[in-house]
**Q** 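A single structure is presented below for examination.
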Amino acid sequence: MPTTVFFASNRILTGDPAVVTSYGPNIQPPSISTDIMYGTAFVDGVDINHDLQGSITAIQDTNKGAFAANVASDLLVFIHGFDNTFEDAITRAAFNREFLAASGKPGTDTTVLAFSWPSLGKIVSFPVLDADYRHDQKMAVLSGVHLMTFFSRIEPLLRTARANGSRTYLLAHSMGNLAFQSAVENWFLHGNGNAELFNVAILAAGDCGFDTFAHPHLTGLSGLSLLSPRISIYYSGEDEVLDLSQVINGLQRLGHDGPKGRTDQTAFPAATYRMFDATTIKDYDRNFLSSHQYYRLSRTVREAIATDMAA
């Protein structure tokens, strides 16, 4: 049975929106949010036991402005990271949905909504080895206004879900945290006020600066607690991808050792923030790339995320 993924994307289309390869690596003008494409994708072949994400077999109900179908139940909003094509982003969202649901814990059998920003889907290029990473980093930041608009479009869905007794979650991975950071600060910079968008925001292996919660005037992620009453931050000192990112950026990453000053209970009260150190977890095949993917490979981490999603 295929996994359904509701999606929105600010990638410039190069052809029919029902064709996977039409969603390219270029961004729509950041000042224009009316062309964001919404649709429904169906993913076959997901196998969480063998780390197979499957493939998109169909895209339907594409339009600009909102989801055509009625989206209900517990909602999981997913923001992908670096090195993801459009199909990678959608199939990863499907995999995450199935992986979390397999925990069998309450609240984990969700409807998944994915936002795909224009990552190149490449790791390195020649002759400039970090050019693809730098491209994705810039696209993530520039996607902030589009992602903010996406949040404003789905806010009624999120509000209705909670009013009906369902729960809403945000899961950002890797550089998706940088896009999310840009969206959160743009939310407030554009005059939007407090809004409980999510019951819990889960930030996994964040590839943004570790000082993001220390930014002033509701910039960075310093205003996130006004949009989500619970925030869970997953990090690992054995994340080799973020080791490289730190070298490129010259700044410690959020996913390395959590946020700056994470032990300060005044800045990070336990009632709001949960810190999860995945450094010593080895219940998956760990290598350079997979060390950055523990959130979807480790059963131990899955149990922790399922606990976050519980009422």
Side-chain angles (χ1 to χ4, degrees), residues 46 48-49 51 53 74-81 92-114 166-177 180 197-208 210 212-213 221 224-225 227-242 253-265 267-287 289-311:
V46 174
I48 63 173
N49 293 317
D51 191 23
Q53 295 183 187
D74 295 313
L75 301 178
L76 173 65
V77 178
F78 175 65
I79 309 171
H80 65 84
R92 180 63 54 81
F95 183 97
N96 290 342
R97 197 224 82 85
E98 300 301 338
F99 183 69
L100 292 171
S103 73
K105 297 297 181 63
T108 59
D109 189 6
T110 60
T111 296
V112 64
L113 284 62
S166 296
R167 294 175 60 75
T168 58
Y169 317 103
L170 182 285
L171 172 60
H173 175 242
S174 185
M175 200 178 283
N177 285 273
F180 184 50
L197 298 177
F198 309 106
N199 289 109
V200 59
I202 301 164
L203 313 181
D207 191 6
C208 57
F210 81 130
T212 182
F213 285 93
L221 287 175
L224 178 55
S225 61
L227 303 180
S228 178
R230 290 173 56 213
I231 300 164
S232 289
I233 301 170
Y234 287 73
Y235 58 90
S236 170
E238 295 293 330
D239 190 326
E240 297 178 49
V241 172
L242 291 186
R253 316 315 286 162
L254 178 66
H256 249 146
D257 191 38
K260 183 178 182 180
R262 63 176 171 82
T263 59
D264 183 346
Q265 286 297 301
F268 298 102
T272 300
Y273 293 90
R274 182 192 190 198
M275 309 293 173
F276 189 94
D277 185 356
T279 301
T280 61
I281 292 175
K282 299 180 180 180
D283 62 345
Y284 64 101
D285 184 15
R286 193 159 71 177
N287 54 44
L289 290 177
S290 68
S291 70
H292 192 52
Q293 301 290 334
Y294 57 84
Y295 82 105
R296 65 175 189 86
L297 297 175
S298 166
R299 265 52 174 179
T300 302
V301 176
R302 179 176 67 185
E303 290 302 304
I305 294 176
T307 299
D308 288 334
M309 298 170 74

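What you see is a predicted model; the values in this text were computed from it and never measured.
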**Q** Is there a salt bridge (charged side-chain N to carboxylate O under 4.0 Å, His left out) between Asp239 and Arg253? Walk through the geometry before answering.
**A** CA-CA 10 Å; Asp239 190 326; Arg253 316 315 286 162; over 6 Å; no

**Q** Would a 4.5 Å heavy-atom cut-off, applied to side chains only, mark Arg97 and Asp109 as touching?
**A** yes

**Q** Decide whether Asp207 and Ser174 meet the rule of one side-chain donor and one side-chain acceptor closer than 3.5 Å.
**A** no

**Q** Would you say Tyr169 and Leu75 make side-chain contact, with heavy atoms under 4.5 Å?
**A** no

**Q** If every non-hydrogen atom of Ser232 is compared with every non-hydrogen atom of Val200, which pair is closest and at what distance?
**A** OG-CG2, 4.2 Å

**Q** Are Tyr295 and His173 close enough that their ring centres sit under 6.0 Å apart?
**A** yes

**Q** Would you name the heavy atoms of Thr168 and Leu197 that are closest together and state the gap between them?
**A** OG1-O, 3.1 Å

**Q** Specify the closest pair of heavy atoms between Ser298 and Ile281, including all atoms of both residues, with the distance to one decimal.
**A** OG-CG2, 3.3 Å

**Q** Tell me whether the NZ or CZ atom of Arg296 lies within the 45° cone about the ring axis of Phe95 and under 6.0 Å from its centre.
**A** yes

**Q** Taking Asp308's backbone N and O only, do any of them form a donor-acceptor pair with Arg230's side chain (distance below 3.5 Å, no angle check)?
**A** yes

**Q** As an exercise, state the distance from CD1 of Ile202 to CD1 of Ile305, rounded to the nearest 0.5 Å.
**A** 5.5 Å

**Q** Just so I know, are the side chains of Tyr273 and Ser225 near enough to count as touching, which here means a heavy-atom distance under 4.5 Å?
**A** yes

**Q** Working to the nearest 0.5 Å, report the span between CZ of Phe213 and CG of Leu221.
**A** 4.5 Å

**Q** Kindly compute the distance separating NZ (Lys260) from CG (Leu254), expressed to the nearest 0.5 Å.
**A** 13.5 Å

**Q** Do Asp283 and Tyr294 pair up side chain to side chain, a donor and an acceptor below 3.5 Å, judged on atom types alone?
**A** no

**Q** Does any non-hydrogen side-chain atom of Met309 lie less than 4.5 Å from one of Leu100?
**A** yes

**Q** Can you see which heavy atom on Leu242 is nearest to which on Gly206, and at what distance?
**A** CD1-O, 3.9 Å

**Q** State the OH-CZ distance between Tyr284 and Arg286, to the nearest 0.5 angstrom.
**A** 5.0 Å

**Q** What's the shortest heavy-atom distance between Ala205 and His292, and which atoms?
**A** O-CE1, 3.4 Å

**Q** So Asn199 and Ser228, do their side chains get closer than 4.5 Å, heavy atoms only?
**A** no

**Q** Suppose we call two aromatic rings close when their centres sit under 6.0 Å apart. Are Tyr234 and Phe276 close by that rule?
**A** yes

**Q** Give me the atom names and distance for the closest heavy-atom approach of Phe198 to Val77.
**A** CE2-CG2, 3.9 Å

**Q** Enter the distance from Ile79:CD1 to Leu203:CG here, rounded to the nearest 0.5 Å.
**A** 9.0 Å

**Q** Mind checking the CD-NE2 spacing from Glu238 to His256? Nearest 0.5 Å is all I need.
**A** 9.0 Å

